[in-house]
Amino acid sequence: MTYYKLITAFCAAVLITSGVYAQTPTGHAAELEAFRRGASNGAPGAAAYQSLYRAFEGYTQEIARTEPHSTEEQRCREALLEIYPRLADAAYYYAGQNDNETVLKFACAFVDVSLTPRLDNAGLQHNAHFPILASLAATNLYNRREYDRSIRYFQAYLESGDLSNRERAFEGLARCYFEKKDYGYAANICYQASELYPHNWNILIVGIEAAGHNGNDAEMGQMLSKALAINPTHAGLWEYQGKLYERQKKYAEAADAFEKVCVAGRLTLEQHCHLAFNYYNAATLEYSKAKEANASTARAEMLFQKAAPLLKTVLDTQPYAANVARALAFCYSATNDATRLNETNNTLIALHSPKVDFGALPTLTRSYTPSMELNPVSAAVTQQIARGEEEKLIADVDINIPETGLKRTNTCVVIIANEDYYNQDIPKVDYAKRDGEVFREYCRKTFGVPDEQIHFCCDAPMGIIKKEVDYLHRRCSADPGKIDVIFYYAGHGLPNPTESRSYLLPYDGENGDFSTCYDLEQLYAQFDGMKARTVTVFLDACFSGRRRGDGMITAGRFVHKKEADVKAKGNTVVFSAASSDEAALPYDEQGHGMFTYHLLKILQDTRGDISLEELGQRLTHDVSVKVLNLKNKSQTPNVRAADGLGSTWKSRRLID
């Protein structure tokens with residue numbers, strides 16, 4: 001090496017050591033410096049703004065990797081605070097160029113900086129441009145059908161506290177959730193917005209439809225009242241109102257609502273059926289009341305006379321409809337029309353259905369569509385409803401439980417059925433107690449598990465759940481590799497979006513305080529450590545923040561996160577009631593959770609002699625089809641087996 005080169009290398013080393021070369025910006029720091037140079041004359045151009053955007057991307061990614069309160073974090077923080085207002089300038093610059101695509105890019109970047117977790121105390125949403133650009137980003141993304149991204153910016157706008165576009169933001173946020181089929185969120189947002197904007201037709205309509213999909217009758221009823229005050233002749237609103245009255249067993253009011261649908265235009269077959277069956281059910285209740293009080297049945301007969309021609313019209317177009325023919329026969333019996341009763345009984349006989357005797361007490365029907373299934377309510381329950389008493393259902397799976405004569409002394413069962421919660425703000429889980437009680441009978445009679453090895457806990461607090469899991473652990477430890485464990489849970493599940501974890505909610509748990517909840521991943525790890533021969537878990541709960549039936553566990557919740565992907569471990573197989581962001585729904589007609597009812601039905605039909613693979617397939621099919629047909633919603637049970645089991649679990653049986 002020559003003397004000149006040695007001197008050059010030495011000087012370079014000195015400069016590097018002194019920090020002169022080290023301070024030369026690279027990467028996103030260089031991009032920010034390029035923007036500064038481009039903006040030095042006070043009028044940055046397109047090239048400078050593109051450098052600004054690349055600097056935004058780089059610093060946003062880097063700050064997420066830095067240690068909190070570190071020098072690197074402070075450096076990124078200072079850079080992003082410098083970049084932040086210039087992103088708004090860029091958005092306006094491109095607006096002047098009519099470049100809408102780039103306007104959207106910079107508007108989103110501007111809002112994204114304000115949402116950066118490490119800048120949460122910077123007060124960036126108080127910037128005057130924030131609500132304008134957040135609203136612009138949200139609206140444009142909605143128009144592009146990018147609903148997940150649109151939700152982010154609508155929420156950011158609402159959190160800013162700006163009022164100028166709040167009404168439109170509520171409407172847009174609700175529409176995003178509706179398009180994503182997150183009907184519970186859509187209904188809840190519209191309900192809240194309708195309190196602020198009771199005359200906003202779009203918010204009310206979206207809310208009513210979303211509540212209808214989600215089965216949220218309370219919110220739906222209040223929004224219907226507001227919408228009907230605006231447009232009292234709207235046929236669609238009266239149809240929703242009629243169906244709401246049906247679910248409330250206000251059959252006369254329901255019939256009146258469908259009469260208003262008729263006034264607004266020609267009835268469809270479905271609407272015609274609803275009108276006919278509501279007149280029939282209203283007449284049946286009046287008839288039961290009059291007979292019990294030994295009073296006149298004149299009003300009931302008048303309602304039967306209204307129902308009869310409507311039912312006859314449906315039967316003429318749907319001659320296979322045994323449920324229609326049965327209701328029609330009761331109409332003729334109650335009005336002493338022996339000739340027409342005889343004709344209708346001949347129809348029932350042809351349909352292989354039992355005929356109606358003259359003078360027989362009519363019973364309510366649950367079905368509002370033509371069907372070959374009769375689906376009647378029992379006379380005792382009809383009279384109970386007529387007296388205004390709570391209906392006590394007895395489902396078909398609650399009786400005729402198969403008794404196999406098996407003796408499964410090597411099986412231990414824990415059943416947790418949490419229906420009511422200590423915190424009254426947490427809604428009850430309809431039918432959870434009954435789910436657990438009937439499942440216990442199947443464990444006893446069909447699986448042959450001794451009573452003392454079935455632990456049933458209703459409304460169990462955290463301490464009890466831990467105690468029962470410990471019981472399973474101790475029992476398995478006493479006979480390693482020989483005990484089959486069945487764990488059943490009906491109740492609320494909760495997601496923790498921040499940590500992507502899922503939890504069971506004990507009786508004394510608090511929504512949002514996950515230290516009071518039972519971590520599902522921890523539960524599976526405990527099952528893995530039990531040295532059990534097999535572990536089978538049934539979860540009639542969902543982990544999307546939804547409640548069983550309608551609405552959310554937390555009414556004011558806007559941010560939706562999907563269920564954490566909690567995997568089974570060891571030799572555990574888990575049957576879950578619902579997938580992803582779906583709700584675990586009730587089967588009101590049978591008084592059980594939809595998942596539990598079909599689980600019990602399959603066990604009843606097969607006497608428990610079914611492989612886990614077949615059980616999973618039937619549960620997925622039967623529940624999803626029934627929910628779609630009955631509620632026009634989605635609920636898809638799933639089966640998850642520990643990875644280490646391979647395919648060996650598929651042939652396993654609960655009665656092995």
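Summarising the geometry of T411 relative to R408, their closest heavy-atom pair is OG1-NH2, 2.9 Å, with the distance given to 0.1 Å. When all heavy atoms of C458 and N418 are compared, the closest pair comes out as C-OD1, 4.3 Å. Shown here for T382 and L364, the closest heavy-atom pair between the two residues is OG1-N, 3.2 Å. Taking both residues in full, the closest heavy atoms of E403 and R607 are given as O-NH2, 3.1 Å, listed atom of the first, atom of the second, then distance. Smallest separation of non-hydrogen atoms from H492 and Y421: N-OH, 3.1 Å. Between A186 and A174, the shortest heavy-atom contact is CB-O, 3.6 Å.
A salt bridge links R434 with D398: at least one charged nitrogen is closer than 4.0 Å to a carboxylate oxygen. Ion pairing between D217 and R247 holds under the 4.0 Å rule for side-chain N and carboxylate O. Under a 4.0 Å N-O distance rule, the pair R474/D470 qualifies as a salt bridge.
Screening F595, F487, F538, W649 for a ring pair (Phe, Tyr, Trp, His ring centres under 6.0 Å) with F575, the sole residue that qualifies is F538. With Y488 as reference, F439 is the one residue of F439, F447, Y442, F456 to meet the ring pair (Phe, Tyr, Trp, His ring centres under 6.0 Å) rule.
Between L539 and L520 the shortest side-chain heavy-atom distance falls below 4.5 Å. Contact of the E441 side chain with the T446 side chain is not registered, since no non-hydrogen atoms from C-beta on lie closer than 4.5 Å. With contacts defined as side-chain heavy-atom distances shorter than 4.5 Å, the pair D396/K601 qualifies. Between L141 and C108 there is a side-chain heavy-atom pair separated by less than 4.5 Å. Considering only heavy atoms from C-beta on, I655 stays 4.5 Å or farther from T404 through its side chain. For the pair E209/Y240, a side-chain contact is recorded, criterion being any heavy-atom separation below 4.5 Å from C-beta on. Taking the side chain as every heavy atom from C-beta outward, T572 and D528 never approach each other to under 4.5 Å. Looking only at side-chain heavy atoms (C-beta outward), I151 and L173 come within less than 4.5 Å of each other.
Here CD of Q74 is found 10.0 Å from OG1 of T66. Values are rounded to the nearest 0.5 Å. One distance of note links CD of E219 with SG of C190; it measures 9.5 Å at 0.5 Å rounding. Here the straight-line distance linking atom NE2 of H455 with atom OH of Y471 works out to 4.0 Å at 0.5 Å rounding. The distance from atom OH of Y518 to atom CD1 of I465, rounded to the nearest 0.5 Å, is 7.5 Å. Taken to the nearest 0.5 Å, the CZ atom of R653 stands 6.0 Å off from the CD atom of E614. With values rounded to the nearest 0.5 angstrom, I602 atom CD1 is found 11.0 Å from Q604 atom CD.
H473 places no side-chain N or O within donor-acceptor distance of the main-chain N or O of V469, the cut-off being under 3.5 Å. No donor-acceptor distance shorter than 3.5 angstrom exists from the side chain of S502 to the backbone of P495, with no hydrogens or angles considered. At distances below 3.5 Å, at least one donor-acceptor pair connects side-chain atoms of D459 with backbone N or O atoms of E419. Under the 3.5 Å distance criterion, the side-chain polar atoms of T606 are matched with a main-chain donor or acceptor of G608. With hydrogens and angles ignored, the 3.5 Å screen pairs a side-chain donor or acceptor of T620 with a backbone N or O of G616. Panel note: side chain Q522, backbone Y503; no donor-acceptor pair is recorded below 3.5 Å. Here the side chain of T516 pairs a donor or acceptor atom with the backbone of D513 at under 3.5 angstrom. Within the 3.5 Å criterion, the main-chain N or O of P450 finds no donor-acceptor partner in the side chain of Q453. The backbone N or O of N410 lies less than 3.5 Å from no partner atom in the side chain of R475, so there is not a single donor-acceptor pair. A distance-only check finds a donor-acceptor pair linking the side chain of S624 to the backbone of H621 [under 3.5 Å].
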Applying side-chain contact (heavy atoms from CB on, under 4.5 Å), run through I208 and M220 and close with a yes or a no. CA-CA 5 Å; I208 290 165; M220 183 184 190; 4.2 Å; yes
Y177 and I189: CA distance, side-chain angles, deciding distance, side-chain contact (heavy atoms from CB on, under 4.5 Å) verdict: CA-CA 9 Å; Y177 278 118; I189 292 164; 3.4 Å; yes
With side-chain contact (heavy atoms from CB on, under 4.5 Å) as the test, would you mind laying out the steps for I610 and R618 before giving the verdict? CA-CA 10 Å; I610 185 172; R618 282 196 55 179; 4.2 Å; yes
Test side-chain hydrogen bond (donor to acceptor under 3.5 Å, both in side chains) on Y153 and D112; report intermediate values, then the result. CA-CA 9 Å; Y153 298 107; D112 287 343; 2.8 Å; yes
Check step by step if salt bridge (charged side-chain N to carboxylate O under 4.0 Å, His left out) holds for E521 and R501. CA-CA 8 Å; E521 188 170 338; R501 302 179 82 89; 3.7 Å; yes
Determine, step by step, whether L612 and V639 satisfy the side-chain contact (heavy atoms from CB on, under 4.5 Å) criterion, reporting the C-alpha distance in whole Å, the side-chain angles of both residues, the deciding distance to 0.1 Å, and the verdict. CA-CA 9 Å; L612 295 192; V639 187; over 6 Å; no
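Contacts classified as salt bridge (charged side-chain N to carboxylate O under 4.0 Å, His left out) and involving residues 62-73 (residues at least two apart or in different chains) are given here: E62-R75, E73-R118.
Remark: T369 pairs with S367 by the side chain to side chain contact (heavy atoms under 4.5 Å, CB included) rule, at least two apart or across chains.
Proximity of the aromatic rings of Y431 and Y597 is defined here by a centroid distance below 6.0 angstrom, and this criterion is not met.
Residue-environment remark: NZ (K243) exceeds the threshold of 12 foreign heavy atoms within 6.0 Å. At most 12 heavy atoms of other shown residues, nucleotides or ligands fall within 6.0 angstrom of atom NZ in K531. No more than 12 heavy atoms of other residues, nucleotides or ligands shown are found within 6.0 angstrom of OH on Y422.
A side-chain donor from one of E510 and N423 sits under 3.5 Å from a side-chain acceptor of the other. Inspection of the Y489 and D435 side chains reveals no N or O donor paired with an N or O acceptor under 3.5 Å. Using modelled atom types and a 3.5 Å distance limit, the side chains of D540 and H592 yield no donor-acceptor pair.
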